[in-house]
Amino acid sequence: MASRPKALALVSDSSYNGSDTGINAERQERLTRITPRSQALIYEIQLKEVFDANQKSPSRERVNCCFRILEDLVNHAGTFSTILAVVKDELQRSVFSNGLTSSTKEPFVERIPFFSLVDRIDDIRATEAQHTFETINDLAQKVKFRDHDLQILYKKNLALKQDISDHESHQVKLKEEITRLEGDIQRFERERHEIRMTFMREHEQLKKDIEQLQSNLAQSNNIIEKLTMFKAAYNEESDAEKLEDDQKIKKHDFVVDSKGMLVYDLYQAKQLERQFAEILDFQLDDFEANLAQIRKKHEIMQGVTNNSQSPPDPEALESEVQDLRAGFKTRMLELLSELGLLRDHIGGLKMLQNQFEDESIPESVDRSADTVLRKYAGVMQCSADGGESFQMYNNTAYCNKCGAKSVICPHLGIPRSPIKLPEGCTHIKFTHPSLRIKTCVPSTDLEIVTKRRGEDEACVDDEGETEDEDRNVSKTFLSIWGEYYRARGGFKTPLNRAIPLPKLLSFIQEIYDARWEMEEKYDETGNPDEAGLPRFVDLFYNVMHERYQIPEVALKAIHDIFYGLQQNEKTNQNAGLFVLHLSGHEDVLWKYLYMAKKLFYSKQDPMDMVRYRQIVQIMYPNRPKEAYEQMELEYTAFCKNKVSRESMDDHLVHMMSTGIEPNFKFFLNCLLKFDYQKKGYLSYEDFDEGLSQILPSASTRERRIRYKLAELDCKKDCVPIQRLAHIASYIVMYSCYRSKWAMQSLIAPDYAENLQHASDSHGDGGGSRRNSHR
């Protein structure tokens, strides 16, 4: 193939280059003299070479070689050149398509034959067919899998249909059972109605029988009375003598003088004062009951109209409360006015009694020897309530000369038999018998008067000693009673009103609600720290004076509440915590428990261990898993596996009261490290520095407010570490409350290791804290 173009090039170049060298001229002359037979041989050689190189036919190289030779033949065909050119062009259009492809020779682009395109199409078709076949096989496999799944679904469908059929049959049975039970209920209702009607008929019949028996008894009594009159007329003389003897036995003669009448008047005035005190207690009970009834009615109305468009009017409630308070104030002023007049009268009688004692008039009530010996007589009084009140001991003989049932009597002597004390007696004391002040009084009445006079003397003896002077009172109540008597102008009431524990706890909750509302307003208004919050005990006194309006009545109610708290201080933990706040030992424990209760009731029902774990993780963040498991075990043991909001609240109160609450233990251990001099307290700078390191996100304003509030009960910059630990625990709970109970990581990583220590020591040595306050 390469020789032909060179020969053609030499032939074409020989006609234009006449100035070439001799060698080229000879070669040109030799080539131009080649016969047509030789040119055909060249073409045959070219075809042979191309065909041998490309065995497959048709082939692009073969076609290209043939068309080149055909094109050369067109130039040498002579008269057939035109026809051959037309044939060549037609064949070229039939063989080659309009598609182009690259080439190694000029113009480096050539047309693609149709058979090449057909080969390409066949290859593409074969590839697509292979891909289609594989796709079909894959789809067939998927169809098999789908058929298998459909078979499984069919079986499940059959099983579900069977279950549905079983449930429908069970539902039919349940409906039949419900119908049967409804029939039984209706039958039982009819029987109950019949029994009720029978009972009512029998009850009416019994009432008639009772009325008949009463009428018969009245008739019988009339008959007996008439018979007794006839019998008395028959035995008139003997009965008169017997009656005279009885009168002589039951009557005793007394000499009445001015001093005796004074003592009797003073005794009667004291009885009137006691009756006024009872009336005051009844009025207080009635006022508190009406106030609680109004609030309960408002809560019920608020719950009924909660979903309606017209909520209850708060002004109506306030107006009703104001009317109740106005009526109570009017009644109290009238009662206190009368009581004031009575006290003035008692004061005048006591002044007159002092004058008689100063004059030392030798007025004899009995013989002089009896008066002297009465100084050595002793009357025993017993107490069953820990020495709060005393009753006269009456199981001894009555002495006419002593005028009392003396245990130690100089006239009758000392009894030799052992004296049995009454059941439940805790204390006894001895007093001298009072003077006799009544003449010709029956001995039965004399015993009653003597007993009452002994009780009154016991009360008079106790008037000089107030609760803050009693050595049997706890230290917390000594401070409470001390402030009541010395700072608030309190007084000891004649009677201690008994307040039930549920009513006492309800009142404690009212104080907590008032304090919560005040602190929420304080936080919302953003008052400066200089304004400050009042002490908890100051708020308590303000609420009491605002509630009862009259200072004397308010102090009376406060005394009764303190007395009730003192009785329940050790038996009820909620009352004990409230006492700690009143005494100034704490000021944040109530709010810690208040917010914890809000967290407990923010979780939806049912309350189970899952929700308990969520609550514990919110209250005690960053604890290890072992600590949470330990808390869960302790709570389960406390509530006896009965999870409820009430048991969670009781458990938290128990941990607070005993000092084993996890947050308190953790902060106590951390803050003790900042007490470098082991003083037991921290200054504000040390507390602020320590809490900033332990709780980096804690509010500086909250820390400052709580420390200043604690300083009101303690010395300047000397707040005990235990109280600061409670403040830190409160700040953690307050942060959780402000974040709407979202789980947070509040404790710094450097102090996280102390959490494990706090959990390990949980439950050890917590009781000493509460005991230190008592």
Side-chain angles (χ1 to χ4, degrees), residues 177-236 239 242-243 246-247 250 271-272 274-301 303-304 320 323-324 327-328 331 334-335 384-385 389 391 394-395 422-424 442-449 451-452 455 495-506 560 564:
E177 184 69 17
I178 290 171
T179 304
R180 185 182 65 81
L181 292 175
E182 288 178 351
D184 293 341
I185 290 172
Q186 293 177 359
R187 179 169 57 84
F188 290 146
E189 287 291 334
R190 289 193 299 269
E191 292 177 358
R192 187 177 69 85
H193 181 70
E194 293 175 358
I195 293 172
R196 184 170 176 272
M197 296 301 296
T198 304
F199 172 76
M200 292 180 64
R201 287 194 295 269
E202 292 178 354
H203 182 67
E204 293 294 332
Q205 184 63 35
L206 289 174
K207 287 177 66 177
K208 292 179 181 179
D209 294 343
I210 291 172
E211 292 176 355
Q212 182 66 28
L213 291 173
Q214 287 178 348
S215 62
N216 294 336
L217 181 62
Q219 294 176 1
S220 300
N221 289 333
N222 293 331
I223 294 173
I224 291 172
E225 184 178 357
K226 292 178 180 178
L227 292 175
T228 303
M229 292 176 61
F230 285 115
K231 184 176 182 297
Y234 181 75
N235 299 324
E236 183 177 1
D239 290 340
K242 188 175 182 180
L243 180 61
D246 291 340
Q247 288 179 351
K250 293 182 179 181
Q271 292 300 314
L272 285 176
R274 188 183 184 89
Q275 293 175 5
F276 271 109
E278 293 176 354
I279 295 172
L280 179 59
D281 290 344
F282 292 149
Q283 289 290 334
L284 287 174
D285 291 336
D286 185 61
F287 171 71
E288 292 171 357
N290 292 333
L291 190 61
Q293 185 178 5
I294 291 174
R295 290 178 177 172
K296 186 66 176 179
K297 181 177 69 175
H298 176 69
E299 291 176 0
I300 294 173
M301 293 297 296
V304 171
E320 193 171 359
D323 293 342
L324 177 64
F328 174 74
R331 293 191 300 273
E334 294 176 355
L335 181 62
D385 54 2
S389 61
Q391 303 291 337
N394 295 319
N395 294 334
E423 184 177 358
S443 59
T444 55
D445 294 342
L446 182 62
E447 292 178 3
I448 296 175
V449 173
K451 180 179 179 181
R452 289 181 178 177
E455 294 176 358
L495 293 176
N496 292 320
R497 183 165 56 110
I499 301 178
L501 182 59
K503 185 176 180 180
L504 199 62
L505 295 178
S506 175
D560 295 337

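Just so we're clear, the structure is a prediction, and the values are computed from it rather than from any experiment.
Side-chain contact check for Leu213 versus Leu217: every heavy-atom pair is 4.5 Å or farther apart. When side chains are defined from C-beta on, Glu278 does not count as touching Asp281, because their heavy atoms never get closer than 4.5 Å. The closest side-chain heavy-atom distance from Ile499 to Arg497 is below 4.5 Å.
Applying the 6.0 Å contact sphere to CD of Gln293 captures no more than 12 heavy atoms from other residues, nucleotides or ligands. For Arg180, the CZ atom sits in a packed shell: over 12 heavy atoms of surrounding residues, nucleotides or ligands are nearer than 6.0 Å.
One distance of note links CD of Glu334 with CZ of Arg331; it measures 9.0 Å at 0.5 Å rounding. The CZ atom of Phe188 sits 10.5 Å away from atom CZ of Arg190, with the distance rounded to the nearest 0.5 Å. Note: Ile279 CD1 to Leu272 CG = 9.5 Å, rounded to the nearest 0.5 Å. Separation of atoms CG (Leu280) and CD (Gln275) is listed at 13.5 Å; rounding is to 0.5 Å. Separating the CD1 atom in Ile195 from the CE atom in Met197 is a distance of 13.0 Å, to the nearest 0.5 Å. Separation of atoms OG1 (Thr179) and CG (Asp184) is listed at 11.0 Å; rounding is to 0.5 Å.
Shortest non-hydrogen contact noted between Leu495 and Asp560 is O-OD1, 4.1 Å. Nearest approach of Ala498 to Pro500, heavy atoms of both residues: O-CD, 3.8 Å.
A salt bridge is defined here as a Lys NZ or Arg NE, NH1 or NH2 lying under 4.0 Å from an Asp or Glu carboxylate O, and Arg192 with Glu189 meets this definition. Between Glu191 and Arg187 there is a salt bridge, since a side-chain N of the basic residue sits under 4.0 Å from a carboxylate O of the acidic one.
Judged purely by atom type and a 3.5 angstrom limit, Ser215 uses its side chain to pair as donor or acceptor with the backbone of Glu211. Using modelled atom types, no side-chain atom of Asp286 and backbone atom of Phe282 make a donor-acceptor pair closer than 3.5 Å.
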